[in-house]
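Everything below concerns the one structure shown next.
Quick caveat, the model's predicted, so the values are computed rather than measured. For reference, positions follow the sequence shown, starting with 1.
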Amino acid sequence: MKDNLVVFNTLSRKKEAFKSINPHRVGMYVCGPTVYGDPHLGHARPSITFDLIFRYLEHLGYKVRYVRNVTDVGHLENDADEGEDKIAKKARLEQIEPMEVAQYYTDSYHFAMDKLNVKRPSIEPRASGHIIEQMEIVEQILEAGYAYESNGSIYFDVEKYDKNYKYGVLSGRVLEELIANTRTLDGQDEKRNPADFALWKKASPEHIMRWKSPWSVGFPGWHLECSAMSHKYLGDEFDIHGGGMDLLFPHHESEICQSQIAHGQNPAKYWIHNNMITVNGQKMGKSLGNFINLEEFFEGSHKLLEKAYSPMTIRFFILQAHYRSTVDFSNEALQATERGLSRLMQASETLEKLKASDKSTENVQELKSAMYEAMNDDFNTPILIAHLFEAVRIINSVKDNKAYLTETDLNELKSVFNTFVFDILGMKKESDESGSNQITEGLMELILDIRAKAKENKDWTTSDSIRNKLNQLNINVKDTKDGAEWSIEN
Ligand code: ZN
């Protein structure tokens, strides 16, 4: 199976047979979140995409060292070389330490990813913990003559790079056009060329995240952290570099320039990019009011949502599209996914209870090969899921005595179905959770009814004692004009 895996490489713009540089270990680096806000759909897609790839490579028998960074410094507003640091801005607005912002949103990112059943990477390095490694690369690039100092800041010399190496190999952008189309922003007079990018920025007096360097007290440019951390943990060249399509330019393009000069080569053999998410056909944007946080999906608390959608519904919805296609979120589509997912989960329970026959009317081996074929073709999950629904049809037919499987075929179907649904797609059963939630809801309704009756009868001792006992269990009861509301305090 390993030998048949084909992946689309953004670098060559075509599908290539996957061959790991080190057959015993795949190195995979994925650009992680900039931790300054609540995790949203834009975080869920790359995490789930590379979780799928991570899971599948491991399933094929590779050992994978999966590095996904946390950006906690140097990512300026508008992804530019000028403006305030995204994390420092949040810290200023909330009057807390930048590292409190980074910690808080790293935690909430982990919390949301755990719910989505995204496996933690092997290493999760932080940009702020690798300032020395980043300064080393700045020195190497300066020594090689591909960077220059300007007013305490260091910029990468893109024009010189383009003369000796080809600039734009990943994004296909041409330097001349890029220069012609770049607006001159404030502070760009520090740059020799508008296409140059910052490796080190001198900190302005109000800039709070700052480190001492030979050039100035300042901070690293945003693109540098990934060159530094991927090199530290995966070496000069590794197998897969991943991220969202929005990072292709200028972030990944700049990483290639940096690594080429500092480490002598394009760092990754395969560049893999997931496509973007739209909501009701529109690009997500804070100003458009369609920016939905993951917690809002799980709770159904955003005005665009008709109801809550469970983490597995969101995960399955994302996996129903190929990672290189766009995904459009709508209530209608999510509800269709919910119904499909529930059929899939019911079938997995039915499967455990099926009885074998002495003959088979279905070809399980063929179905199994088709599933591997789909995944081996650039992780084609929509085709895989179509085959899983074919398996659902077989399961339900066997249950209704309209189809038959031998003991061997039945065991094979169990193994294949569970492997693809739970291990590779990373789905998990949610029914237990919602079942116990239903019981809690029912019990609370019963208790609050008893309390309401006690209040009606002016039996304050009983009604107060119910409220106090609930408080001891961290359940808050609030009386409203329509009765009482309850909530669990975390
Ligand atoms: Zn990155």
Side-chain angles (χ1 to χ4, degrees), residues 1-21 23 25-30 44-64 66 117-119 170 238-245 248 252 268-277 315-328 337 340-341 344 362-394 412-413 415-427:
M1 291 303 168
K2 254 183 177 177
D3 295 334
N4 299 330
L5 177 62
V6 163
V7 301
F8 183 87
N9 193 347
T10 315
L11 200 59
S12 64
R13 293 166 188 78
K14 58 177 193 247
K15 287 184 189 173
E16 292 176 21
F18 182 79
K19 289 267 178 296
S20 176
I21 294 163
R25 199 200 69 210
V26 171
M28 177 161 91
Y29 185 90
V30 174
R45 192 152 196 212
S47 309
I48 290 172
T49 299
F50 293 98
D51 185 49
L52 172 84
I53 294 176
F54 183 30
R55 285 167 180 270
Y56 192 59
L57 290 170
E58 294 216 296
H59 172 74
L60 292 181
Y62 288 108
K63 272 206 174 106
V64 184
Y66 174 18
N117 210 22
V118 168
K119 283 187 173 188
L170 190 66
F238 50 92
D239 298 290
I240 296 172
H241 193 313
M245 246 171 62
L248 209 153
H252 291 161
K269 207 168 147 194
Y270 305 93
W271 287 81
I272 297 181
H273 292 94
N274 64 274
N275 211 321
M276 300 288 103
I277 278 172
R315 182 173 178 112
F316 196 56
F317 187 72
I318 287 176
L319 291 171
Q320 275 180 320
H322 187 250
Y323 75 90
R324 283 192 287 121
S325 314
T326 53
V327 167
D328 186 47
T337 294
L341 182 57
L344 198 69
E362 307 287 336
N363 194 336
V364 176
Q365 281 307 324
E366 203 176 88
L367 190 59
K368 177 183 173 180
S369 310
M371 289 183 191
Y372 277 103
E373 232 172 80
M375 281 304 285
N376 281 339
D377 182 15
D378 194 27
F379 316 104
N380 200 327
T381 50
I383 303 283
L384 167 66
I385 290 170
H387 293 314
L388 286 169
F389 278 108
E390 171 60 12
V392 171
R393 184 197 63 77
I394 295 174
E412 182 77 331
L413 186 62
S415 150
V416 166
F417 192 82
N418 289 330
T419 300
F420 277 97
V421 172
F422 300 108
D423 301 346
I424 296 171
L425 289 180
M427 305 308 300

Could you tell me whether the side chain of [X] and the main chain of [Y] form a donor-acceptor pair under 3.5 Å?
X      : Y      : value
Arg25  : Pro23  : no
Asp239 : Gly27  : yes
Arg393 : Leu388 : no
Lys269 : Lys19  : yes

Nearest 0.5 Å, please: how far is [atom2] in [Y] from [atom1] in [X]?
X      : Y      : atom1 : atom2 : result
Met28  : Ser20  : CE    : OG    : 12.0 Å
Phe54  : Lys119 : CZ    : NZ    : 5.5 Å
Leu11  : His252 : CG    : NE2   : 12.5 Å
Leu384 : Phe389 : CG    : CZ    : 10.5 Å
Met371 : Ile385 : CE    : CD1   : 11.0 Å
Leu60  : Asn376 : CG    : CG    : 6.0 Å

Please give me the minimum heavy-atom distance between [X] and [Y], naming the atom from each residue.
X      : Y      : answer
Leu170 : His273 : CD2-CE1, 4.2 Å
Thr326 : Ala321 : O-CB, 4.4 Å
Met276 : Arg45  : O-NH1, 3.2 Å
Ala268 : His241 : CB-CB, 3.5 Å
Val327 : Ile318 : CG2-O, 4.4 Å
Leu319 : Leu425 : CD1-O, 3.3 Å

TODO: Inspect the contact between Arg55 and Glu58 and indicate whether a charged nitrogen and a carboxylate oxygen are less than 4.0 angstrom apart.
DONE: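 Between Arg55 and Glu58 there is no salt bridge, as every charged N stays at least 4.0 Å from the carboxylate O atoms.
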Open item on the list: With a 6.0 Å cut-off on the ring centroids, do Tyr372 and Phe420 count as close?
Closed with: yes
Open item on the list: Would you say the ring centers of Phe18 and Tyr56 fall short of 6.0 Å from each other?
Closed with: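 So the answer is no for these two rings.
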Open item on the list: Atom NZ of residue position Lys63 - does it have more than 12 heavy atoms of other residues, nucleotides or ligands inside 6.0 Å?
Closed with: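 Open.
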Does any part of the side chain of [Y], heavy atoms only, come nearer than 4.5 Å to the side chain of [X], both counted from C-beta?
X      : Y      : answer
Asp377 : Lys15  : yes
Leu341 : Met427 : yes
Tyr66  : Val26  : no
Tyr323 : Asp378 : yes
Val30  : Ile53  : no
Phe316 : Leu344 : yes
Trp271 : Asn9   : yes
Asp423 : His59  : no

TODO: With side-chain contact (heavy atoms from CB on, under 4.5 Å) as the test, would you mind laying out the steps for Arg315 and Asp51 before giving the verdict?
DONE: CA-CA 11 Å; Arg315 182 173 178 112; Asp51 185 49; 2.8 Å; yes
Open item on the list: Between Met375 and Thr381, is the side-chain contact (heavy atoms from CB on, under 4.5 Å) condition met? List the steps.
Closed with: CA-CA 7 Å; Met375 281 304 285; Thr381 50; 4.2 Å; yes
TODO: Report the C-alpha distance between Ile240 and Leu57 in whole Å, list the side-chain angles of each, state the deciding distance to 0.1 Å, and finish with yes or no for side-chain contact (heavy atoms from CB on, under 4.5 Å).
DONE: CA-CA 11 Å; Ile240 296 172; Leu57 290 170; 3.9 Å; yes
TODO: Determine, step by step, whether Thr49 and Phe379 satisfy the side-chain contact (heavy atoms from CB on, under 4.5 Å) criterion, reporting the C-alpha distance in whole Å, the side-chain angles of both residues, the deciding distance to 0.1 Å, and the verdict.
DONE: CA-CA 9 Å; Thr49 299; Phe379 316 104; over 6 Å; no
